[in-house]
2 protein chains.
Amino acid sequence: MPDAPTSASSDLERPAPRIAILGVGLIGGSIGLAARERAGATVTGFDPDREVLAKALTLGAIDHAGDDLSSALSDAQVVFVAAPVGALAQTVKTALGHIGSDCVISDVGSTKRVMAQMNDERFVGGHPLAGAETAGVEYARADLFEGATWYLTPSSATSGVLYERLHRLLVSFGAQPQAIDPGAHDRLMACVSHLPHVLANLLVAQAASVLEGDARLPATGPSFRDATRVAGANSAIWTDIYLSNSDALIAAVDETVRQLAELRTALTHGERNAITAWNERALTDREALLGTGLHGERVHELRVSVPNRPGVIAEIALQLGRGGVNIVDMALSPSADNSQGVVALWLGGEAQASRALELITALSFPVTRP
Amino acid sequence: MPDAPTSASSDLERPAPRIAILGVGLIGGSIGLAARERAGATVTGFDPDREVLAKALTLGAIDHAGDDLSSALSDAQVVFVAAPVGALAQTVKTALGHIGSDCVISDVGSTKRVMAQMNDERFVGGHPLAGAETAGVEYARADLFEGATWYLTPSSATSGVLYERLHRLLVSFGAQPQAIDPGAHDRLMACVSHLPHVLANLLVAQAASVLEGDARLPATGPSFRDATRVAGANSAIWTDIYLSNSDALIAAVDETVRQLAELRTALTHGERNAITAWNERALTDREALLGTGLHGERVHELRVSVPNRPGVIAEIALQLGRGGVNIVDMALSPSADNSQGVVALWLGGEAQASRALELITALSFPVTRP
């Protein structure tokens, strides 16, 4: 009995799809690995850095290294542009001049309105939420996009057939493609990624100024360290990100100033109830945003007091691992002299949290559910 | 040959010092345990919550439970007031009316100017940087203050003899007492603790508003989660903290608005160099503040890509523990579907960081130094 064709078997699966990747760093290289391993694709890569290009070939991220941009693109059915944010728009424009009509081209940049101006039926903006942008091709992995949201920003000009080809390819990578309006995408990124980076920088600047002449910051609990973890993120990437999304970021900055003015009024007039309500709303909102958003169910926090010696984290993590508890998130806050600390653990769902509480209590570490 | 008295042997060590603690929760209870175990003190406790008081007695945090505030204070040489922030000033004032002239009294509140108005030679404001304020006496530990900075805010009225008695007692707890001007203390706390809490709340509010009608937040890297970890902190404590330090917090808010206005200008005019310089300064400042401040030497970061399954954190932590590497700080960022993630690890000093890189590479996890 012959197999009936299913909706998943497609033109991409019959002849090996031909893919071109412009820029073969961590993201481009991982696209190559995923395309070759998971979609049976033939991948041609190009990178202005010949060393990176050679490395991608050696690592098996690409089948062929193109001599130049145009030869890399000839015959491609799908093109990914994984250049730095500042060079994306120009590279896509150039590439559009070299590909045929039956080819879809996408980028991987973290802001999307700037790309929406292409107005070409072959172009679909994209943004995979995966990968540390600073790492090189040597850290590329075929499973980098497994489970990751991959935003796509089709325009009214985008060809349905070509969009579907790209979408299907991303699904074969294990990614979760999600169409979004370019403006909504950029407002979202301004708010959940770019603004946190800005505020981290501001907090650091202010602390440095308050401590002027005395650089030593006392251990003050984890709030400052957590809030400033991304301060001074790689300028080679972040200056471009800030500038390419500047109007959405300016709107987010303006909204922050508005909220600060409200709080200032409440503080000035000692409005106890308003401050409490504002604070409680933050708790509820964060649970809604992260509790159900990131992990599908409410995340519960445990805090464990531990001596800060080698092996203690292992002891706790091992105990939880043996008990089948998965740690969704964790943060260790050391004391000033690093002799002890508090480990905050986040567990998904009530059952995992209760089980973790039991398991850690059995180790005799003091543990609380704040 | 009789032992010569040393400077460390003192009136507090000869007869057992008599200590009173008003409010025996986590902090008060830990003071009791430390005083009994480490200073051989006799401790009397009082708490308006009789159940908490009984628990403190059962746990050995106090020797005696006072029937009321005045009987708890009679005969005390050192008094700690560990009441909620909103009740601190009144409790200290009342207590000053019940203690003798040879008694030092301190508090443990997180803002200090409000307490500086006591203007009594027996009072020294205090603020130990230790302990999660929401936990109960059942989590009290004799070693809670080991290595912790303990701010003291003596005034010009404070008796030198009494200040020295308090200081010596805190040293016996393992704490590091540090005298600071009450205003400087409150500005510092506004900047490194209260403002990060405010900004966490603001980020959450803004994200909730951008995602209006669609509460699902995509996985966007760790910056948002880290920056909002303290959002909606316990209102029973934090409303009091915000209000008791409102003027220093307002100044920090105003400075934030000023900095945001500067950035806004740079964004509006596309001032690439200014934005890069601002971002680079944040990196340098944070390294100075945390690298040398919290841990005494520069902290190095490693990022490890891992499948997010039970036991994987244990595997890494165990490997580092066996290799003698101590994890100063760590943060796990899961992917959207929780199937994989990146563990950021912070190690103290170049030697530990290099050793950690070797050890983790040996486990075959991809690891980068960003």
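Chain letters run A, B, ... following the sequence lines, proteins first and then strands; every chain starts at 1.
No side-chain heavy atom of Asp247(A) sits less than 4.5 Å from a side-chain heavy atom of Leu267(B). Between Asn234(B) and Leu283(A), the closest side-chain pair of non-hydrogen atoms is not below 4.5 Å. The shortest side-chain heavy-atom distance between Asn279(A) and Tyr242(B) falls under the 4.5 Å cut-off. The closest side-chain heavy-atom distance from Leu289(A) to Phe224(B) is below 4.5 Å.
Most heavy-atom pairs under 4.5 Å with chain B: of the set Val257(A), Leu249(A), Thr256(A), this distinction falls to Thr256(A). By number of non-hydrogen pairs under 4.5 angstrom with chain B, the leading residue of Ser209(A), Ala184(A), Ala207(A) is Ala207(A).
Both the backbone and the side chain of Ala231(B) come within contact range of chain A, judged by heavy atoms closer than 4.5 Å. Heavy-atom distances place no part of Ala190(B) under 4.5 Å from chain A, backbone and side chain included. In this structure, the portions of Thr268(B) lying under 4.5 Å from any heavy atom of chain A include both its backbone and its side chain. When heavy atoms are compared at a cutoff of 4.5 Å, Val198(B) approaches chain A by way of both its backbone and its side chain. Only the side chain of Leu263(B) comes within less than 4.5 Å of a heavy atom of chain A; its backbone N, CA, C and O stay farther away.
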> Passes side chain to side chain contact (heavy atoms under 4.5 Å, CB included), Arg272(A) versus Asp240(B)? Steps please.
Replying inline: CA-CA 8 Å; Arg272(A) 174 172 296 275; Asp240(B) 275 343; 2.9 Å; yes
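A distance of 9.5 Å separates CG in Asn201(B) from CG in Asp285(A), rounded to the nearest 0.5 Å. Taken to the nearest 0.5 Å, the CG atom of Asp143(A) stands 8.5 Å off from the OG atom of Ser305(B).
Taking a cutoff of 4.0 Å between a charged side-chain nitrogen and a carboxylate oxygen, Asp226(B) and Arg225(A) do not qualify as a salt bridge.
Among the candidates Val210(B), Leu203(B), Leu211(B), the single residue satisfying the side chain to side chain contact (heavy atoms under 4.5 Å, CB included) test with Cys191(A) is Val210(B).
Between the side chains of Arg286(B) and Thr228(A), at least one donor-acceptor pair of N or O atoms lies under 3.5 Å. Ser235(A) and Thr276(B) form no side-chain donor-acceptor contact under 3.5 Å, judged by distance and modelled atom types alone.
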